[in-house]
**Student:** 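For reference, the structure I am asking about is given below.
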Amino acid sequence: MTTMFQPEIETMDPDEKARLQGARLRSLLDRLAASESPYWRDKLRGVDVEKVRSIEDIRRLPFTWKREFRDTYPYGMLAVSRAELVRVHASSGTSGKPTVVGYTARDVEIFAEVCARAVAIAGGRPGHVVHVAYGYGLFTGGLGLHYGVERLGATAVPASGGNPGFQLTLMEDLAADGLACTPSFALLLGERALEAGMRDRLSVRYGILGAEPWSEGMRHRIEEVWGDGFQAVDIYGLSEVIGPGVAMESPEAKGALSVFDDHFYPEIVDPETGDPVPDGEVGELVLTTLTKEAQPVLRYRTRDLTRFVDEPGADGRTFRRIARLMGRVDDMLIIRGINVFPREVETALLEDEAIGGQYGIIVDRRTTLPELRVVAELADPRLVPHKEEIRARVARTLLERVRIRVEVDLRDPGSLPRQEVGKARRVFEQTGDESPFG
Ligand code: DLL
């Protein structure tokens, strides 16, 4: 059993938690109502703060959308004066200006606290060495986990992204116990460790993996490549809310993540109408920051899809749980009238043991109706003579699961390019004759 960083909060009685959430929501609203910022005046127009008495009353509040970050760039959403910021982070948008988020000293403390909780849930404890290979810089991943590891009382190795060979040497020499990085980078490091014959000299036992969607099949590949007893667990978060440390999966309760709902209150709504979905149904995750000072968000529409999992986890924590993220509303591809999520393709693809973890999805737009092509690697060189048979089998599975015909292009193990920095890009558009994978 992994140890709890804050047992009194992690096992809090749900009624007591609801009272805490209600009180925190009310004090947040009182703070925001007193703010002189035009953004907050506008946001709370028509909201009778006096009527918000319990956490249930959160439904009286308006939603917040990503575009508001752009419209108020860079400081318009602050609920404190600019001088109270001790840090900013930013995430790059698909176009134009990045999304900037500010933190007060107290926000940075809470950020470290929730990340410390997450590291402890994964298996970290004081004295451990945790190798942090998320990017350091404007991205929240590196610094977020870094301060979480320190706060726990463990040793952070601020490796950042890139340079896998050197990272493995460091992990061996410094005897890392834990690894924090994207699932795609964890797979790459594990593959390189195996190739270099050094895997058995590494002492890494858990991976704190997130920042991109990943399937159970990917987890299986990662745990396999790292060897017996390695636990790959899922960490979720987003810059607009804080960064990593919004929700965390425990090795004892895999499949769902505990939302740290003493700080981040979750709702799940229909992405079209904004109405709550019936419990247990998939919808868009909406988050409210109950304690954030600098740049709180009320009912932030994350665009991330998940569902509530209300059976308690075997790890004894009492946080509200969500299923592993299914992808983003905006990632949905429409192929010949059928809605397809890239993670569904990954799930179906990696169900086949013959397929390795490196792959790409190509939306071929050379014809009027787009076609889907999947480029993937065989898991093992010994499978090369059976390529055609495997290809046909995988195409059949994709047709059954994803309900559309997908062209499957299988390559030899290790032949596809690997990304060493940032979030793995999985979906590529093809408009000319040049294929993104040659
Ligand atoms: O990715 C924060 C983070 C860093 C999370 C390190 C976990 C580990 P952003 O760059 O703002 O922040 O991207 C947030 O990434 O809305 C999701 O769409 C996606 N995402 C993050 N974690 C997961 C996950 C960080 N575990 C966006 N599973 C989110 C699926 C994830 N998607």
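Atoms within a ligand are numbered from 1 in the order they appear, just like the ligands themselves.
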**Student:** What is the ring orientation for His128 with Tyr206, classed by angle as parallel under 30°, tilted 30 to 60°, or perpendicular over 60°?
**Tutor:**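 Rings of His128 and Tyr206: parallel, as their planes differ by under 30°.
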
**Student:** With heavy-atom distances below 4.0 Å as the criterion, list the atoms of ligand 1 near Gly141.
**Tutor:**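 Checking each atom against Gly141, I get 4 (C), 6 (C).
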
**Student:** For atom 4 (C) of ligand 1, which of the options Trp214, Tyr300, Phe139 provides the nearest non-hydrogen atom?
**Tutor:** Phe139

**Student:** Taking 4.0 angstrom as the limit and counting only heavy atoms of Arg328, give me the atoms of ligand 1 inside it, by number and element.
**Tutor:**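 Result: 16 (O), 18 (O).
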
**Student:** As an exercise, identify every atom of ligand 1 less than 4.0 angstrom from a heavy atom of Gly210.
**Tutor:**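 Counting atoms of ligand 1 from 1, those under 4.0 Å from Gly210 are 7 (C), 8 (C), 26 (N).
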
**Student:** Within a distance under 4.0 Å of any heavy atom of Thr140, pick out the atoms of ligand 1 and give their elements.
**Tutor:**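 Result: 2 (C), 12 (O).
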
**Student:** Using heavy-atom distances, let me know which of Asp304, Val329, Leu325 sits nearest atom 29 (C) of ligand 1.
**Tutor:**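 When every heavy atom of Asp304, Val329, Leu325 is considered, Asp304 comes closest to atom 29 (C) of ligand 1.
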
**Student:** In the protein, which heavy atom is nearest to atom 28 (N) of ligand 1, and how far is it?
**Tutor:**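 In this structure, atom 28 (N) of ligand 1 has Glu212 O, 3.4 Å as its nearest protein heavy atom.
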
**Student:** Considering only the protein, which heavy-atom contact is closest to atom 11 (O) of ligand 1, and what is its distance?
**Tutor:**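 That would be Ser239 OG, 2.4 Å.
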
**Student:** Please confirm whether the ring centroid of Tyr39 lies under 6.0 Å from the ring centroid of Tyr75.
**Tutor:** no

**Student:** From the options Pro244, Ser91, Gly237, Ala211, select the one whose nearest heavy atom is closest to atom 14 (C) of ligand 1.
**Tutor:** Gly237

**Student:** Heavy atom under 4.0 Å from ligand 1: found in Leu238's side chain, backbone, both, or neither?
**Tutor:** both

**Student:** How about Tyr134 and His146: are their ring centroids closer than 6.0 Å?
**Tutor:** no

**Student:** Please tell me whether Phe111 and Tyr147 form a close aromatic pair, meaning their ring centres lie under 6.0 Å apart.
**Tutor:**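 No, the ring of Phe111 stays outside the 6.0 Å limit from the ring of Tyr147, centre to centre.
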
**Student:** If the test is side-chain contact (heavy atoms from CB on, under 4.5 Å), which one of Arg317, Gln231, Arg321 qualifies with Ser250?
**Tutor:** Arg317

**Student:** Please tell me if the side chains of Lys254 and Arg324 come closer than 4.5 Å, counting only heavy atoms from C-beta onward.
**Tutor:**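 No, every pair of side-chain atoms sits at 4.5 Å or beyond.
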
**Student:** Could you tell me whether Asp228 and Arg205 make a salt bridge, using a distance below 4.0 angstrom between a side-chain N and a carboxylate O?
**Tutor:**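 Here Asp228 does not pair with Arg205 in a salt bridge, since their nearest N and O are not under 4.0 Å apart.
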
**Student:** Taking the non-hydrogen atoms of Lys423, is any one of them nearer than 4.0 angstrom to ligand 1?
**Tutor:** yes

**Student:** Between Arg117 and Glu10, is there a side-chain heavy-atom distance shorter than 4.5 Å?
**Tutor:** yes

